[in-house]
Amino acid sequence: MEFLKDQAEIERISEDILTEQQLIIDYDRRRNENREALGCFRRGEAGKGKREWFFAGGLFLKLPNETAKHLLEEDQKKLNADINRLRDSIKTRVTELEKKDRGNTTRLKGFELTGVTQDELSKIARHDSAQRGVCELK
């Protein structure tokens, strides 16, 4: 009986992982569409008139250019945050699945690594340039 409960739990975690992966794909598709639209604003292709057609929530709306651009940028930020949250969740669930399935996570060492954020990268660059300045003075 315990075996069936464990298998059901493994199946549930696996389904959650697959669902989250599909959500990431859907969000990424929408993020790319937003990026294309923002590119049109940057290149001046969308700024011919004072208002642009905007599709939101199943409705077409004619919005001022700045409002449409602002909505796209906000949606882009939200999508990035959601995608990052889902990726973190998948990592956690994969670790949980590994523990349920094999009883340990030795194979997954280093799986929790994260990339360097833009803020961290700028701090590194500032520190590096400050170090070079000190070395040149000596």
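Keep in mind the model is a prediction, meaning the values are calculated, not measured.
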So how far is it from Glu11 CD to Leu97 CG, rounded to the nearest 0.5 Å? 10.0 Å
What is the distance from atom CD1 of Ile13 to atom NZ of Lys99, rounded to the nearest 0.5 Å? 10.5 Å
Ion pair Arg31/Asp75, N-O distance below 4.0 Å: no
Counterpart residues, side chain to side chain donor-acceptor pair (under 3.5 Å), relative to Asp88 (two or more places apart): none
Partner set under side-chain contact (heavy atoms from CB on, under 4.5 Å) for Lys78, not counting sequence neighbours: Asp82
Salt bridge (charged side-chain N to carboxylate O under 4.0 Å, His left out) partners of Lys62, counting only residues at least two apart: none
Restricting to side-chain contact (heavy atoms from CB on, under 4.5 Å), what partner residues turn up for Arg43, sequence neighbours left out? Cys40, Glu45
Tell me yes or no: between the side chains of Asn80 and Gln76, is some donor less than 3.5 Å from an acceptor? no
Holding to side chain to side chain donor-acceptor pair (under 3.5 Å), I want the full list of residues that pass it with Ser89, two or more places apart in sequence or in another chain. Glu20, Arg93
With a 4.5 Å cut-off on side-chain heavy atoms, are Glu120 and Lys123 touching? no
Between Asp119 and the options Leu121, Val116, Thr117, the side-chain contact (heavy atoms from CB on, under 4.5 Å) test singles out Thr117
Do Asn65 and Lys50 have side chains that approach each other closer than 4.5 Å (heavy atoms only, starting at C-beta)? no
Those residues that, when tested against Glu73, pass side chain to side chain donor-acceptor pair (under 3.5 Å) (two or more places apart): none
Sequence-distant partners of Phe55, ring-ring contact (aromatic ring centres under 6.0 Å, His included), two or more places apart: Phe60
In Å and rounded to the nearest 0.5 Å, what is the CD1 to CD distance from Ile10 to Glu15? 13.0 Å
Rounded to the nearest 0.5 angstrom, the CD-CG distance for Glu33 and Leu72 is 11.0 Å
By side-chain contact (heavy atoms from CB on, under 4.5 Å), Asn32 pairs with (sequence neighbours left out) Asp28, Arg35
Can you name the residues that form a salt bridge (charged side-chain N to carboxylate O under 4.0 Å, His left out) with Glu9, not counting sequence neighbours? Arg12
Quick one: side chain to side chain donor-acceptor pair (under 3.5 Å) partners of Glu66, sequence neighbours excluded? none
Going by the ring-ring contact (aromatic ring centres under 6.0 Å, His included) test, which pairs reach into residues 68-101, not counting sequence neighbours? none
Using the rule that Ile, Leu, Val, Met, Phe, Trp and Tyr join whenever any side-chain heavy atoms are under 4.5 Å apart, tell me whether Leu59 and Leu63 fall into a single cluster. yes
If I take atom CZ from residue Arg85 and atom CD1 from residue Ile90, how far apart are they, to the nearest 0.5 angstrom? 10.0 Å
Which heavy atom of Ala68 sits nearest to which heavy atom of Phe41, and what is that distance? CB-CZ, 4.0 Å
Name all residues meeting the side-chain contact (heavy atoms from CB on, under 4.5 Å) criterion together with Leu23; count only those two or more places apart in sequence or in a different chain, and write none if there are none. Tyr27, Leu86
Using the rule that two of Ile, Leu, Val, Met, Phe, Trp, Tyr join whenever any of their side-chain heavy atoms come within less than 4.5 Å, decide whether Ile83 and Leu18 are in one cluster. no
Could you grab the distance from atom OG1 of Thr67 to atom CG of Leu61, nearest 0.5 Å is fine? 11.0 Å
